[in-house]
Trainee: 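Input: one structure, supplied below.
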Amino acid sequence: MRVSLFWRPVLICLALVVAILLAVEWFSPDTLQKISPAVAIFLLVAGAAFFLSSRTVTLRIRRLKEFAARAGAGDFSAIERDHHQDELADLSAALGRAVNGLGQTIRTLTDERNRSSAILGSMVEGVAVVAADERILFCNGAFEQILELPSGSSQGRTLVEALRQADLIALVRQTLSAVEEQTGEVEVGTVRRRNFSVTAAPVRAAGANGAVMVLHDITELRRLERVRRDFVANVSHEFKTPLTAIQGFGETLLSGALDDKANRERFVEIICEHARRLARLTDDLLKLARIEAGRLELEIRSIRVEALVNSCIETARLNAKARGLEIFVDLQENVPAVRGDGAQLGEVLQNLLDNAVQYTPSGGKIEVKARSNGQEVVFTVSDTGIGIPESDLERIFERFYRVDAARSREAGGTGLGLAIARHIVEAHGGRVWVESAIGQGSRFHFSIPCAS
Ligand code: ADP
């Protein structure tokens, strides 16, 4: 039977009063005297019942209080079921439901927050949220890495305190006072400059202004743009010199030099030499275009390393001898055969040997080595030549990139040899790299997978 908490003590008191009144009404004084022990026992039992009832209520309230404190501390486990049937049991059930709902909402929010921070944390783009007072409220790891900030140091600091890029700060300031997103570009890094596009969008949440900025790496894009621009300029430049020479000497011959017995042959020779240069350039450019368009057809077969090296070394030895250089060959014993196109690999090795001869002063040494780790054979062409500055090493395999353009041209170089070599090696599934020190020489390496 459901008895209200309010009525419980009242009922007990009423029962007592009624019992006493009935006793006074029905019984004579004598009888009353006789039954007074019974009345006393009755009162005692009633008092005990009253005490027990209020103690149970106190315990249940204490349990509720503890449950509320637990929930407040973040423990949303279910409340113990109250089997009574009164308002306190209703309150306990309602509180349990509320805390359970709250727990679920908090769990959902926590999951969402974890997911968001996992996504932001794994992004390669730098993301930061800035408050209206220019304080960085949040930023991901990529943001700090890009701007070379110590990890975890930026949150809570103002833009001026955390960043050194004045243009980035200006862009965010502009965004904070604007309604539309702002875009820009920043260059960061001291040794290795990198370009980032910046998009900053204003955010209005709960009346407060702020901005979200995203930094996106466009270094490669800018590099490719520069390479393309340079390429066009380089091709024009490379063609211009021989064409001007051919045109000039041709016109000289036509305007009377054909009769100049002493010089006409020399003039024709110069024309031929420049024409050959143009032909070499065109060949190299066509080859490069074919390779870059993925149209290089390789006749893959098993190639003996010794045969490959010998096929190139003869020509190189002739050139080297003429320049007072010595060439050594050092092949690992039983070096395994490689998988590749003999003609193309020969071209790579020949180019490296020609360069070594070209860029090594008389009296120097050149060495061709081949070593294998069972997976691939690494070919090394080292020289004791002029070396390559460290700042140029990264770009040496780019088209037309030359440390000393005049020297290269003079020697008949097109500046495309290493670019072609890199493409050929990569088409074989190998790598090409260089180590060099100014005045000490260079070591060009390329690896080709073993035949089996
Ligand atoms: P090039 O036709 O000019 O030789 P490459 O692409 O073969 O063109 O080489 C590009 C540049 O790399 C050269 O112009 C030269 O500056 C540098 N280089 C290549 N090999 C060597 C070397 N062994 N020693 C010094 N510099 C080198």
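Both counts, for ligands and for their atoms, begin at 1 and track the order of listing. Note: hydrogens, waters and symmetry copies are ignored here, and every other heavy atom, side chains too, is used. Index from 1, following the sequence.
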Trainee: Is L418 in polar range of ligand 1, meaning some N or O pair under 3.5 Å apart?
Mentor: yes

Trainee: Would you mind checking which non-hydrogen protein atom is closest to atom 3 (O) of ligand 1, with the distance to 0.1 Å?
Mentor: S408 OG, 2.5 Å

Trainee: I need the nearest protein heavy-atom contact for atom 26 (N) of ligand 1: residue, atom name and distance, please.
Mentor: I388 CG1, 3.4 Å

Trainee: What protein heavy atom sits nearest atom 17 (C) of ligand 1, and how far off is it?
Mentor: I396 CD1, 3.7 Å

Trainee: Is the closest N or O pair between G417 and ligand 1 shorter than 3.5 Å?
Mentor: yes

Trainee: Between E220 and R194 (salt bridge meaning N to carboxylate O under 4.0 Å), is one present in this structure?
Mentor: no

Trainee: Could you see which bit of N351 sits under 4.0 Å from ligand 1, with heavy atoms only: side chain, backbone, both or neither?
Mentor: side chain

Trainee: Does a donor on one side chain and an acceptor on the other come within less than 3.5 Å for N195 and T219?
Mentor: no

Trainee: Suppose we measure from atom 13 (C) of ligand 1 to each protein heavy atom; which comes out shortest, and what is that distance?
Mentor: Y359 OH, 3.3 Å

Trainee: Taking it one step at a time, do V381 and E367 satisfy side chain to side chain contact (heavy atoms under 4.5 Å, CB included)?
Mentor: CA-CA 6 Å; V381 176; E367 189 176 36; over 6 Å; no

Trainee: Ignoring angles and geometry beyond distance, decide whether G415 reaches within less than 3.5 Å of ligand 1 through its nitrogen or oxygen atoms.
Mentor: yes

Trainee: Would you check if there is a donor-acceptor pair between the side chains of H216 and S197 at a distance under 3.5 Å?
Mentor: no

Trainee: Determine, using heavy atoms of G385 and all atoms of ligand 1, whether some pair is separated by less than 4.0 Å.
Mentor: no

Trainee: Is it true that Q344 and H428 share a donor-acceptor pair across their side chains at a distance under 3.5 Å?
Mentor: no

Trainee: Using distance alone, with no hydrogens and no angle criterion, decide if D383 and Y359 have a side-chain donor and acceptor under 3.5 Å apart.
Mentor: no

Trainee: Might you confirm whether atom CG of D111 has over 12 heavy atoms from other residues, nucleotides or ligands at distances under 6.0 Å?
Mentor: yes

Trainee: Return the closest protein heavy atom for atom 23 (N) of ligand 1 as residue, atom name and distance.
Mentor: D383 OD2, 2.9 Å

Trainee: Provide, to 0.1 Å, the distance between atom 10 (C) of ligand 1 and the closest protein heavy atom, together with that atom's residue and name.
Mentor: Y401 O, 3.4 Å

Trainee: Between the candidates L353, N355, D404, which shows the shortest non-hydrogen contact distance to atom 4 (O) of ligand 1?
Mentor: N355

Trainee: Verify the distance criterion only: is there a donor paired with an acceptor across the side chains of D260 and N263 at less than 3.5 Å?
Mentor: yes

Trainee: Does even one non-hydrogen atom of F397 get within less than 4.0 Å of ligand 1?
Mentor: no

Trainee: For atom 16 (O) of ligand 1, what is the closest protein heavy atom, and at what distance to 0.1 Å?
Mentor: V403 N, 3.0 Å

Trainee: Taking the inter-plane angle between the rings of F249 and F267 on a 0 to 90° scale, is it parallel (under 30°), tilted (30 to 60°) or perpendicular (over 60°)?
Mentor: tilted

